[in-house]
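Taking it in order: structure first as C-alpha cells, then the write-up.
Quick note on labels: first sequence line is chain A, next is B, and so on, each numbered from 1. Atom set for the values below is all heavy atoms of this structure, side chains included, hydrogens, waters and symmetry mates excluded.
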Amino acid sequence: MDASNTIVRVENLVKDFRPGLGLRRKRVLHGISFEVQEGEIFGFVGPNGAGKTTTLKILMDLIRADEGRASILGSDVGETAFRRHVGYLPENPYFYDYLTGRELLHFYARLSGVTAGRRAGRVDALLRLVGLSHASDARLRTYSKGMLQRVGIAQALVHEPKVIFLDEPMSGLDPIGRKEVRDLILRLRNEGKTVFMSTHILPDVEMTCDRVAIIVNGRIRHESAIDQIFADSEREADLVLANLPPEIPGQLEEVFGVTLRGHGDRIEVRVREKDVQGVLQSALAVGAQVISVTPHRVSLESIFLNVVEEGSR
Amino acid sequence: MIDRIWTIATNTVREAIRSKLLYVLLGFAILVILSGIVVGSLSYVESARILQDVGLAAIRISGVAIAIFVGVSLIHAEVDRRTIYTILAKPISRGEFLLGKFLGLVMTTWLQMTVMVVFFVAVSLLTGAPVTLTHGAAILLICVELTLMVAIATFFSAFTTPMLATFFSIGVWVVGCLTRNLRDLGAVSDVDSVRLTTVWLHRILPDLASFNLSIEAVHGLPISAADVWLPLVYGVGYAAIVLVGAMAIFERRDFR
C-alpha cells in the first residue's frame with residue numbers, strides 16, 4: 001500500500017514521565033514508529049505498562065510527546081478539526097452517570113458536529129447496534145460494566161468516523177459480548193473503516209486484526225501482518241499414541257528429535273509437520289494405536305511471549 | 001465553535017441541576033432570606049432594611065459558595081473521572097471545553113440567583129419593603145462578582161486539586177473583599193513599602209468591594225451610572241484575563 005493510504009503515522013515518539021515530585025524522569029516511550037494503513041484492523045499489543053495507552057493518549061492529544069511526531073489522516077494530532085473523522089474508546093471508560101444512554105449519545109453527537117436532523121436517527125441506530133435500546137432511557141449510573149463498554153463503543157461511532165481507536169475494547173465483556181464486539185469490528189472493516197485496537201487479549205487479535213505491532217518497555221519489538229506470522233511459523237502436530245512397545249519412545253526421540261510425554265499407556269508427542277508421516281509409520285509398524293492427530297499452529301501468544309522475553313532482557 | 005461551547009455549557013448546567021449540592025445551598029439561601037422576616041421583626045424601625053440586608057447577603061454568600069464549591073472541581077472532576085478523555089477526542093479544543101465549563105457554571109449560578117431574587121422580591125413586597133432600581137443594580141453586580149469568582153475557581157481547578165483550589169479561591173475572595181480597605185489603610189501609612197504593597201495588592205487582586213451596592217440599595221442612597229458600568233467592565237475584563245490564564249495552563253497539561 002502506498003503512503004497516501006496511511007491513516008496513522010507515528011514517527012520516533014518519545015515520552016518521559018516524572019513518577020513523583022522529583023526531577024528524575026522515566027522514559028516510557030523510546031522513539032516508537034509505526035503506520036496504520038487505510039481499511040485495516042491494526043492490533044497494538046503489549047504487556048501491562050508497555051506504553052500502549054500512553055501511545056493512544058498521544059494520538060488523542062491527551063498527553064504531548066516530548067519528541068517525535070504523530071499524525072492521523074494527514075493532520076498533526078494537536079489539531080482538532082480532523083477529529084470529526086476519529087472515534088475513540090478509552091480503557092475502562094467513564095461517562096457522565098447522571099445522563100441516560102440516549103442523552104449521552106446525543107451529547108457526543110452534538111460535540112462531533114452531527115446535524116440535528118440526523119442526530120436522533122443515528123442515536124437510535126447505534127443503541128440498536130450495541131444492544132442497548134432497552135436501557136436507552138436509564139441513567140448510566142445503573143449500567144453494568146459491560147453496558148458502559150457498549151455505550152462507549154456507541155459514542156466512538158456516533159459521528160461515523162473514518163478511523164476508530166479502541167483501547168481494550170473487550171474489557172468487561174462476557175464471551176457473548178466479546179464476540180459481538182469482534183463481529184462489530186469486522187463489520188467496520190467491511191464498511192471501509194480503519195480500526196486501531198490496543199489490547200492484550202491475543203486470541204481477539206488473531207481473530208480480527210490484519211496487522212499487529214508488539215510493544216515492550218516502550219519499544220516496538222515486532223510488527224507484521226498476522227498472516228505473515230503464521231506463514232513464517234513452523235507448523236506442528238500433536239499425536240497421541242497408545243500401546244507403544246517400551247523401546248519405541250526412545251527410538252522416536254533419537255530419530256525425530258521429539259520429546260514424549262506419557263499418560264498411562266498413552267504417549268503424547270509434538271512433531272514437526274514434515275515428520276508426522278514418519279512418526280506415524282514407525283508407530284504403526286510396531287502395532288501402536290493412533291488415538292489422535294491434531295494439527296498445531298504456532299500461536300500469536302508464543303510469538304508474543306518470545307518477544308516480551310527478549311524485550312525484557 | 002459556539003455550538004461546541006454551548007453543548008458543554010448546557011451539559012454542565014444539567015449536571016448541576018441533577019446534583020444535590022446545588023439544592024442544599026439554594027435551600028439554605030432561601031431559608032436565610034426567609035429568616036430575614038424574623039430578624040427584621042426584632043427591630044421596630046429598621047425591619048425592612050434588616051430584612052433586605054440579610055436577603056442580599058444571603059444571595060451573595062450562597063452564590064459565592066456555589067461558584068467556589070462547584071467551580072473548584074469543575075475541571076478536576078473531569079480529569080479525575082476521565083470523562084475528559086472521550087470529550088477531547090471529539091473535534092473540540094481544550095480552550096472551548098474550558099470556556100464551556102465556565103459558561104455552564106456561570107449560567108448555573110445565575111439560575112440560582114434568579115430563584116433567590118424571586119424569593120427576595122416576594123418577601124420584600126410581602127413585608128412592605130421597597131424594591132427599587134438600585135436593588136436591581138446591586139443584584140446585577142452580584143452576578144458580575146459571581147462570574148468573576150467562577151473564573152477564579154475555574155482557573156485553580158485547571159491545575160490543582162479541589163481542596164487546594166477551594167483554599168485558594170476562598171483566600172482570593174476574602175482578600176478581594178478587603179483590598180480596597182487595605183489600600184486605604186496603606187495610604188495613611190508612613191512606611192513607603194507598606195503603601196506600595198497595599199496599592200499593588202489592590203491592583204493585582206480583584207477589588208470585590210466594588211461589586212457591593214447592598215448598602216446603597218438597602219438604605220436608598222443615590223448611585224451614578226458609573227457605579228454600575230465601571231465595576232461591570234472591570235469584572236468582565238478581570239474574568240476574561242483569568243480565563244485566558246486558565247486556558248494557557250490547561251492547554252499545556254498532560255492527562256495521564
Measure the shortest side-chain to side-chain distance between I8(B) and F107(A) over non-hydrogen atoms and say whether it is less than 4.5 angstrom.
yes
Is F167(B) atom CZ crowded by more than 12 heavy atoms from other residues, nucleotides or ligands, each under 6.0 Å away?
no
Measuring heavy-atom distances to chain A, does R18(B) have an atom under 4.5 Å in its side chain, in its backbone, in both, or in neither?
side chain
Quick check on R94(B) against chain A: is it the side chain, the backbone, both or neither that has a heavy atom closer than 4.5 Å?
side chain
Just checking, any donor-acceptor pair under 3.5 angstrom between side chains of N11(B) and Y98(A)?
yes
Contact list (residues 45-63 of chain A to chain B, heavy-atom gap under 4.5 Å, by number) returns K57(A), M60(A), D61(A), L62(A), I63(A)
Quick one: CZ on F95(A) to CD1 on I87(B), what's the gap to the nearest 0.5 Å?
9.5 Å
When rounded to the nearest 0.5 angstrom, what is the spacing between CZ in R110(A) and NZ in K90(B)?
14.5 Å
Do other residues, nucleotides or ligands put more than 12 heavy atoms under 6.0 Å from the CZ atom of R141(A)?
yes
The reported gap from OH in Y96(A) to OG1 in T83(B) (rounded to nearest 0.5 angstrom) is 4.5 Å
Measure distances from H159(A) to the heavy atoms of chain B and classify the residue's part below 4.5 Å as side chain, backbone, both or neither.
side chain
Find the one option among I84(B), T86(B), L88(B) whose heavy-atom pairs under 4.5 Å with chain A are most numerous.
T86(B)
Within a radius of less than 6.0 Å around CZ of F119(B), do more than 12 heavy atoms belonging to other residues, nucleotides or ligands occur?
no
Taking every heavy-atom pair that is under 4.5 Å apart, which of E15(B), R4(B), R14(B), E96(B) has the most such pairs with chain A?
E15(B)
For L89(A), which atoms come within 4.5 Å of any heavy atom of chain B: side chain, backbone, both, or neither?
neither
Just checking heavy atoms, which of residues 67-82 of chain A are less than 4.5 Å from chain B?
T80(A), A81(A)
Can you tell me how far the OH atom of Y94(A) sits from the CZ atom of R82(B), to the nearest 0.5 Å?
10.0 Å
